[in-house]
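These values consider heavy atoms only, across backbone and side chains, with no hydrogens, waters or symmetry-generated copies.
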Amino acid sequence: MLKRTLTAAAVAGLVAVTAACGSSGSSGSSSSGSSSSSSSSLPGKGKPTIIMGDKNFDEEFVLGDIYADAFRAQGYTVNLKPNLGGSEFMKTAFKAGTINAYPEYLGEIVSTDAGYNKPLTSEAQTEKMAQAYEAKNGGTIMMPVTPFFDTDQMVTLKSFATKHHLTSLTQLKSVGSAKLGDASVEETRYEGYVGLKEAYGATNLKFVPLAAGSPVYNAVNNGQVQVGDAFSTDPQLLSGKYQVLKDPKNIFGFQHVGMVIKPSLLAKLGPQFTQTYNKVTALLTTPAMQALNKAVALDQQDPNKVAQAFLKANHLDG
């Protein structure tokens with residue numbers, strides 16, 4: 001992960017944006033109160049170390065830093081291991097004990113971890129299946145999930161979509177030979193290249209492996225690929241430059257985010273850990289995540305500084 005310097009002016013601007021996006025409902029007055037307490041009285045003192053990992057793209061960097069710093073503000077010891085890899089790697093690291101908590105997407109648990117290769121019908125169904133899988137595989141749970149969800153979305157330039165009359169994934173098979181840019185792991189996933197071919201008959205697409213995030217947009221912009229796999233919370237999608245192709249068969253599922261953790265560790269961390277987690281999670285709306293992602297992906301700001309500004313704006317920085 002590339003760290004960059006964040007100017008004071010940029011922090012101020014981000015605080016204003018994230019406070020506006022995140023401070024709906026109860027979060028506006030959800031100060032932890034720890035700033036007036038001595039460090040020895042913080043609820044996390046003496047509790048087990050949280051070894052938290054995050055994945056290998058901007059949104060996960062921000063999520064990892066937000067949760068880690070919010071817990072630290074309550075006195076918890078957090079060892080954050082960023083940029084570890086995709087879902088497969090995260091699950092392996094968790095089972096091996098390299099990490100003991102990580103934010104994960106519901107649909108990834110169901111499709112990638114559990115290997116369920118059929119369209120899902122609702123968020124409730126997805127969460128039920130994810131919790132069942134976690135309970136069966138190591139006695140693990142997923143904590144309450146975020147208001148936002150970040151699902152894969154296939155995008156093209158609007159000029160390409162207009163030329164080929166594209167509005168939906170069902171029409172991809174009619175565009176002739178075309179290239180799909182996506183992260184290499186997606187080549188063998190149903191929530192990716194496999195689903196596009198099996199559910200939508202898009203066997204005309206040639207897979208081109210790309211790094212996640214901005215490289216996908218660069219490849220679409222310069223014609224290296226005609227279709228790219230984006231995320232629904234990407235700030236680039238607000239530009240109006242891209243056509244998002246509808247997914248009527250819902251192969252990309254429901255991707256709200258929750259913390260994967262063992263109940264035994266959760267119990268040892270105490271109720272303040274869950275309370276802090278819930279306060280932070282409630283703030284993570286779609287507008288908030290788009291603002292946070294923009295700060296990192298487009299404005300090239302340090303994810304940790306972005307996270308700190310977000311927590312400060314919402315009175316969760318201690």
- Message: Set out, in order, the CA-CA distance, both residues' side-chain angles and the distance that settles side chain to side chain contact (heavy atoms under 4.5 Å, CB included) for Leu63 and Asp54, then state yes or no.
- Response: CA-CA 8 Å; Leu63 288 172; Asp54 61 46; over 6 Å; no
- Message: Is it the case that atom NZ in Lys262 sees more than 12 heavy atoms from other parts of the structure closer than 6.0 Å?
- Response: yes
- Worked verdict on Leu84 versus Lys55 for side chain to side chain contact (heavy atoms under 4.5 Å, CB included): CA-CA 5 Å; Leu84 289 182; Lys55 293 185 180 183; over 6 Å; no
Is the backbone N or O of [Y] less than 3.5 Å from a side-chain atom of [X], with the two atoms forming a donor-acceptor pair by type?
| X | Y | result |
| --- | --- | --- |
| Ser174 | Gln171 | yes |
| Asn314 | Phe310 | yes |
| Thr285 | Ala288 | yes |

- Query: Going by the angle between their ring planes, with limits at 30° and 60°, are Phe71 and Tyr76 parallel, tilted or perpendicular?
  - Reply: perpendicular
- Message: Quick one, Tyr105 with Glu59, criterion side chain to side chain donor-acceptor pair (under 3.5 Å). Give me CA distance, side-chain angles, the key distance, then yes/no.
- Response: CA-CA 12 Å; Tyr105 299 80; Glu59 182 168 278; 2.7 Å; yes
- Closest approach of Ser87 to Asp113 (non-hydrogen atoms, all atoms of both residues): O-OD1, 4.0 Å
- Message: Can you give me the closest heavy-atom contact between Thr146 and His256, atom names plus distance?
- Response: O-ND1, 3.0 Å
- Gln74 vs Gln275, side chain to side chain donor-acceptor pair (under 3.5 Å): CA-CA, chis, key distance, verdict: CA-CA 11 Å; Gln74 292 297 319; Gln275 291 171 19; over 6 Å; no
- Determine whether the side chains of Asn79 and Thr49 contain a donor N or O and an acceptor N or O closer than 3.5 Å. no
- Indicate whether any N or O donor in one side chain lies under 3.5 Å from an N or O acceptor in the other, for Lys47 and Thr77. no
- Task: Walk me through it: do Asn304 and Asp69 pass the test side chain to side chain donor-acceptor pair (under 3.5 Å)?
- Result: CA-CA 9 Å; Asn304 183 252; Asp69 284 349; 3.1 Å; yes
- Would the Tyr217 and Tyr242 ring centres measure less than 6.0 Å apart? yes
- side-chain hydrogen bond (donor to acceptor under 3.5 Å, both in side chains) contacts in which one or both residues fall within residues 192-210, not counting sequence neighbours: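 Every side-chain hydrogen bond (donor to acceptor under 3.5 Å, both in side chains) pair that includes a residue of residues 192-210, provided the two are not neighbours, is Tyr200-Asp247.
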- Check step by step if side chain to side chain contact (heavy atoms under 4.5 Å, CB included) holds for Leu266 and Ile141. CA-CA 10 Å; Leu266 188 60; Ile141 62 169; 3.7 Å; yes
- Please name all residues satisfying side chain to side chain contact (heavy atoms under 4.5 Å, CB included) with Pro119, sequence neighbours left out, ordered by chain then number. Tyr190
- Task: State whether Lys91 and Glu134 are salt-bridged, where the test is any N-O pair (Lys NZ or Arg NE/NH1/NH2 against Asp/Glu carboxylate O) under 4.0 Å.
- Result: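 Salt bridge: yes.
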